Each structure stands twice: as structure tokens, then as C-alpha cells.
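Model, not experiment: these values are computed from the prediction.
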Amino acid sequence: MKHLLLVFCLFLNLASSCQSDGGSNNDETSNPEKVTYTVSNDVFANPERGFMHTWQVNSEGAAMTAASLNNLKKENVSLILRLYYLEKFKTTALSQTQLDLIKTDFTRLRESGLKCVLRFAYTDAQDGSDASVAIISGHLDQLKPILEENKDVIAFVQAGFIGAWGEWYYTTNQLTTPANKKIILDKLLETFPKEVKIQVRTPKIKQDYVATTTAIDASVGYGTSNTARLGFHNDCFMASVDDYGTYINVTAEKTYISNEALFVPTGGETCPPTDVPVASCSIAEKEMTMLKWTYLNLDYYGPVLQEWRNNNCFTDFERKLGYRLALATSSVKKEAALNGTLEFNALINNSGFAPVYNPKNAYLILRATVNGTVYKKKLSFDVRKVVPKVSYEIKESVSLSEIPAGTYELLLKIEDSSTKLSERPDYAIRLANTGLWETATGFNKLSQTVIIK
């Protein structure tokens with residue numbers, strides 16, 4: 001009987017292989033190759049997140065220098081808060097000198113591969129004066145073309161303009177009445193390009209403006225409506241029970257921000273604590289996780305930051321502020337047909353406190369192993385949806401049209417959505433994996449190859 005089976009198998013081999021597993025194809029080139037990646041513990045910069053410096057400048061002051069901006073890279077800083085005081089212009093239009101200062105700053109930010117969080121104010125004194133609604137509106141009209149031209153290097157905007165430090169308090173022009181707050185928010189949202197998110201000082205400011213205490217969901221949050229553009233900044237983070245009046249109903253409003261911050265950014269700075277101890281590592285970790293903090297001022301408040309350094313959590317916060325994306329696995333077949341498709345699957349995690357907030361373009365890169373020719377294939381993958389603590393699965397069918405036969409290395413690039421920045425590696429997202437990042441290209445190697453034939 002055994003001899004008959006062997007003869008029968010030999011006969012079948014004329015057309016197909018006879019296998020002991022019931023006839024499944026065991027050709028390894030037809031099965032996806034799975035690669036598992038190692039997570040890196042390195043501290044490195046990524047766009048629009050992390051510890052930042054605050055650089056303020058008075059009216060018609062000095063522009064940022066290229067040297068000072070380039071020095072930030074040594075600190076793994078990719079973001080600054082640029083605070084413009086307009087104290088000379090409380091009753092007049094902005095001068096050309098002031099406008100040129102802002103233009104120069106934006107140009108130098110772009111040249112240095114950095115972005116800013118932007119704020120304007122009229123005074124840095126609690127008893128100082130601000131400007132009228134009419135003056136603020138006129139200044140925003142003057143700024144509008146500059147902001148449109150330079151939206152690519154504006155990470156986020158803090159609403160500003162009102163009161164001391166632009167923090168929407170201590171106004172001398174009744175700017176914090178409900179009517180005036182609405183006028184100014186309307187004007188800010190109209191003036192800044194729709195791609196730019198604007199952070200207000202307290203959750204109640206947004207809740208009053210949108211007339212609801214219900215947090216947005218994905219159906220709204222990934223859009224560009226006014227509701228989807230308003231986030232939060234807190235300049236007395238963990239400094240008292242209610243963060244110096246940031247919250248009214250503390251528990252409910254923190255829950256509201258936590259839910260909103262899946263879609264809009266939170267960030268700011270600490271300040272001297274009152275009736276609470278200096279925030280410990282564990283308290284800070286809990287708060288930044290819940291509120292999804294994406295950036296924090298390095299320059300204030302020093303004793304809080306030193307507490308974290310002394311207790312060995314500062315470096316961990318350097319890693320976790322904002323997003324920290326890492327590949328877990330990827331799989332592709334080793335061979336693909338000319339002008340066919342490539343099935344690309346990957347699992348990606350976010351161990352940071354927050355998601356990515358600004359849209360990016362993601363590409364699967366095929367780079368010829370023979371001559372290094374690069375082919376970019378756009379993915380539908382929306383990196384903003386890789387939220388903290390949830391594994392995100394990428395499943396894409398990638399067209400190989402216009403790519404000649406040959407062997408290709410596969411890489412992943414997540415680049416800035418602006419055409420001005422898309423080819424700049426400084427503005428591409430680096431994955432937190434060992435051995436994947438290419439500094440010169442902004443590509444993340446997948447350790448995968450495919451043969452097109």
C-alpha cells in the first residue's frame with residue numbers, strides 16, 4: 001500500500017507537489033515575512049512635542065539667531081514658545097519693524113528645522129494694561145498674511161492677547177466678559193489658518209464658546225471645525241488643587257480635557273505650588289498621562305523640574321511628553337508581481353502621553369538595493385489615530401505601478417503635511433525603535449525587502 005502511495009505522489013508531482021500537510025503551498029516567498037522590532041530607550045527630538053524653551057521678546061526687539069536655535073538640538077528640543085509682547089502698540093497699529101521681526105523669526109525657525117508655540121500679549125505685569133477689542137482685531141488683520149505664509153512652522157497657538165502674559169485674566173479692557181471672549185476667539189479662529197489649533201487657558205473658556213460640556217469625539221476631532229481646533233494650555237500645572245483657577249469642577253473638567261486631548265493638544269508650564277507639595281514623579285506621571293500632555297516649559301518652574309531630575313524621572317518625561325511611536329511588528333511577502341500590489345501589515349504602539357495632533361503624510365518607501373532609487377507610495381494611514389496605550393494595526397494594499405522589477409528595501413516615512421517641510425528630515429517622525437532611523441533621509445527602515453518580478 002505504501003508503494004502505491006509513492007507512485008501516486010510521483011504522478012501528481014507532474015502538476016503539483018505532494019505534501020504531508022494536506023497540499024498547502026510551502027514556498028516561503030508566498031508567505032508574509034514577519035519582523036519583530038526592538039523598542040529603543042533613547043531620548044531624541046520629534047516634531048511638535050517634548051520639553052521646550054520659552055523665548056519672549058518685547059516690541060521691535062531682536063530676532064532669534066540661527067546659532068541659538070541650532071543649539072536647541074543638543075538638548076533634543078524641537079519646539080519653543082515664542083511670546084511676542086506688543087507693549088508699544090496698545091493703541092496703534094503694529095509697525096513694519098514689528099512685522100519684520102516676526103517674519104524673520106519664522107524664517108529662522110524653518111531654516112533650523114524647528115517649530116514654535118505662538119503667543120501674543122500686551123503686558124507682563126499683573127497690574128499692566130492690555131488693548132481694546134478693536135486694536136486686537138486690527139493687529140490680527142495685520143498678522144493674518146504672515147501667519148498664513150508661515151503656518152508650517154507654527155505647531156500650536158496659545159490664544160493670548162488678553163490680560164497679563166496673555167493668560168486671559170487681569171484685563172483692563174473688560175476682555176474677559178462672555179461677549180468679548182467670543183469676539184476674540186471668533187477673530188483668532190478666523191485669522192489663523194484652519195490647519196492651526198488654538199489653545200485656550202481653561203476648559204471653561206472652550207465649553208462656554210462651544211456651548212457644551214460634552215467632549216468631542218472622532219467624528220469631530222479629526223476635522224477642522226472651530227470646535228475641533230480648540231485645545232488647552234495650563235500655565236500653573238500641578239500648582240494647587242485647582243491649578244490657580246484653571247479648573248472650577250476639577251474632576252469633571254480634567255475628565256473633559258482627557259477625552260478632548262485625543263484630538264486637541266494640552267501643554268504649558270508649572271508654577272510655584274500653593275497648599276500642595278511640589279509635584280512628585282508619580283503625581284506628574286499620573287497627571288500627564290490623564291491629561292495627555294504634549295509639551296512643557298523647560299524654563300519654569302525650576303524647583304518642580306529639579307524635583308524630577310533629583311528623583312530620576314525627568315529623562316522618562318523627555319521620552320513620554322507628546323507621542324512616542326514604535327513599531328512592534330511588520331509583515332510583507334518577499335515577492336510581488338510587476339505592476340501588482342504589496343500587502344503591508346504592521347503593528348505600531350504609542351508609549352507617549354499624547355497622540356500626534358497635526359496631520360502628517362505617511363509613505364511606504366521602496367528603495368532599490370542596486371542603485372538606491374527611491375519610490376514613495378502614499379499610505380492611507382493616519383498617524384493621529386495611534387493614541388497612547390492602544391496598539392494600532394496598519395493594513396494597506398500598496399500599488400506597485402511604475403516601479404520596475406528588482407529588489408527593494410522597505411522603509412516607512414511619516415512626513416510633515418506642508419510641501420515646504422515634507423522633504424526635511426528634521427520634520428519627519430522618528431520611530432522609537434533600535435536601528436531603524438536614518439538621520440539623512442527621515443526614513444525608518446523596516447528591515448524588510450521585496451523582489452518585484
Side-chain angles (χ1 to χ4, degrees), residues 48 81-86 89-96 98-103 105-106 109 115-122 130-163 165-169 171 173-212 216 219-233 260 263-267 357-359 417-418 420:
E48 302 159 3
L81 172 64
R82 188 54 161 167
L83 173 50
Y84 293 99
Y85 282 108
L86 307 176
F89 308 107
K90 294 176 184 179
T91 59
T92 63
L94 300 177
S95 67
Q96 190 59 48
Q98 180 65 37
L99 297 174
D100 288 343
L101 162 64
I102 297 168
K103 290 178 187 177
D105 279 348
F106 283 139
L109 278 168
K115 293 197 179 190
C116 71
V117 177
L118 188 62
R119 190 201 296 186
F120 296 92
Y122 294 97
D130 49 22
S132 68
V133 170
I135 288 291
I136 293 171
S137 181
H139 288 169
L140 284 166
D141 286 338
Q142 288 183 275
L143 291 166
K144 186 171 184 175
I146 300 173
L147 300 172
E148 176 64 35
E149 176 67 21
N150 295 283
K151 61 188 177 184
D152 55 323
V153 290
I154 301 172
F156 314 110
V157 173
Q158 296 179 352
F161 290 100
I162 296 176
W165 314 289
E167 287 193 32
W168 287 51
Y169 206 69
T171 177
N173 281 277
Q174 293 77 51
L175 300 179
T176 55
T177 65
N180 282 338
K181 283 192 289 188
K182 184 180 187 307
I183 289 170
I184 291 171
L185 267 181
D186 282 341
K187 187 67 177 180
L188 287 167
L189 289 161
E190 171 204 323
T191 301
F192 280 91
K194 63 181 176 58
E195 298 91 342
V196 176
K197 295 184 186 296
I198 298 171
Q199 297 174 288
V200 294
R201 181 61 185 82
T202 71
K204 190 175 189 303
I205 292 171
K206 177 169 183 176
Q207 290 174 343
D208 287 348
Y209 182 78
V210 300
T212 181
I216 56 178
S219 67
V220 174
Y222 293 122
T224 57
S225 68
N226 285 349
T227 304
R229 291 175 60 198
L230 292 177
F232 312 94
H233 72 100
E260 288 254 322
F263 314 103
V264 295
T266 59
Y357 291 111
N358 292 324
S417 59
S418 166
K420 294 180 183 178

Notebook entry, point to check: So which of V264, I216, L185 actually passes side-chain contact (heavy atoms from CB on, under 4.5 Å) with L230?
Noted result: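 Exactly one option meets the side-chain contact (heavy atoms from CB on, under 4.5 Å) with L230, and it is L185.
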Item checked: Sole residue of L175, I184, T202 in side-chain contact (heavy atoms from CB on, under 4.5 Å) with W168 ->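 Exactly one pass, corresponding to I184.
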Any heavy-atom pair between the side chains of [Y] and [X] that's under 4.5 Å?
| X | Y | answer |
| --- | --- | --- |
| I205 | F232 | no |
| Q96 | Q142 | no |
| L83 | V117 | no |
| E195 | N358 | no |

Look up atom [atom1] in [X] and atom [atom2] in [Y], then write down how far apart they are to the nearest 0.5 Å.
| X | Y | atom1 | atom2 | result |
| --- | --- | --- | --- | --- |
| L140 | E190 | CG | CD | 9.0 Å |
| L94 | I102 | CG | CD1 | 6.5 Å |
| L109 | I154 | CG | CD1 | 9.5 Å |
| K204 | K181 | NZ | NZ | 6.0 Å |
| L143 | L118 | CG | CG | 8.5 Å |
| I146 | L101 | CD1 | CG | 9.5 Å |

Item checked: Y122 and H139: CA distance, side-chain angles, deciding distance, ring pair (Phe, Tyr, Trp, His ring centres under 6.0 Å) verdict -> CA-CA 11 Å; Y122 294 97; H139 288 169; 5.8 Å; yes
Note to self: I'd like to know whether Y84 forms a side chain to side chain contact (heavy atoms under 4.5 Å, CB included) with D105, so could you lay out the CA-CA distance, the side-chain angles of the two residues, the decisive distance to 0.1 Å, and finally the verdict.
What the structure shows: CA-CA 11 Å; Y84 293 99; D105 279 348; 2.6 Å; yes
Next item on the list: Can you establish whether the number of heavy atoms outside K90 located under 6.0 Å from its atom NZ is more than 12?
Entry: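 More than 12 within 6.0 Å, yes.
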Donor-acceptor pair, distance only, cut-off 3.5 Å: does the side chain of [X] make one with the backbone of [Y]?
| X | Y | answer |
| --- | --- | --- |
| R82 | F106 | no |
| K206 | Q199 | no |
| R229 | L189 | yes |

According to ring pair (Phe, Tyr, Trp, His ring centres under 6.0 Å), who are the partners of [X], at least two apart in sequence or on a separate chain?
| X | answer |
| --- | --- |
| Y169 | none |
| Y357 | none |
| F161 | F120 |

Considering all heavy atoms of both residues, which atom of [X] and which atom of [Y] are nearest to each other, and what is their separation?
| X | Y | result |
| --- | --- | --- |
| A228 | G221 | CB-O, 4.1 Å |
| R119 | G166 | CD-O, 4.2 Å |
| K197 | P265 | CD-CD, 3.6 Å |
| L188 | A159 | CD1-O, 3.7 Å |
| A131 | I135 | CB-CG2, 3.7 Å |

Margin query: Evaluate K182 against D208 for salt bridge (Lys or Arg N to Asp or Glu O under 4.0 Å), listing each step before the verdict.
Written below: CA-CA 9 Å; K182 184 180 187 307; D208 287 348; over 6 Å; no
With sequence neighbours excluded, residues passing salt bridge (Lys or Arg N to Asp or Glu O under 4.0 Å) with [X]:
| X | result |
| --- | --- |
| K144 | none |
| K194 | none |
| E48 | K115, K360 |

Note to self: Which residue is it: N180, T176, T177, D130? I am looking for the one with a side chain to side chain donor-acceptor pair (under 3.5 Å) to T171.
What the structure shows: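 Checked N180, T176, T177, D130 against T171; only one passes side chain to side chain donor-acceptor pair (under 3.5 Å): D130.
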Margin query: side chain to side chain contact (heavy atoms under 4.5 Å, CB included), that's the test. Do V133 and Q174 meet it? Break it down for me.
Written below: CA-CA 9 Å; V133 170; Q174 293 77 51; over 6 Å; no
Next item on the list: Go through the steps for Q158 and L81 under the test side chain to side chain contact (heavy atoms under 4.5 Å, CB included), then give the verdict.
Entry: CA-CA 9 Å; Q158 296 179 352; L81 172 64; 3.8 Å; yes
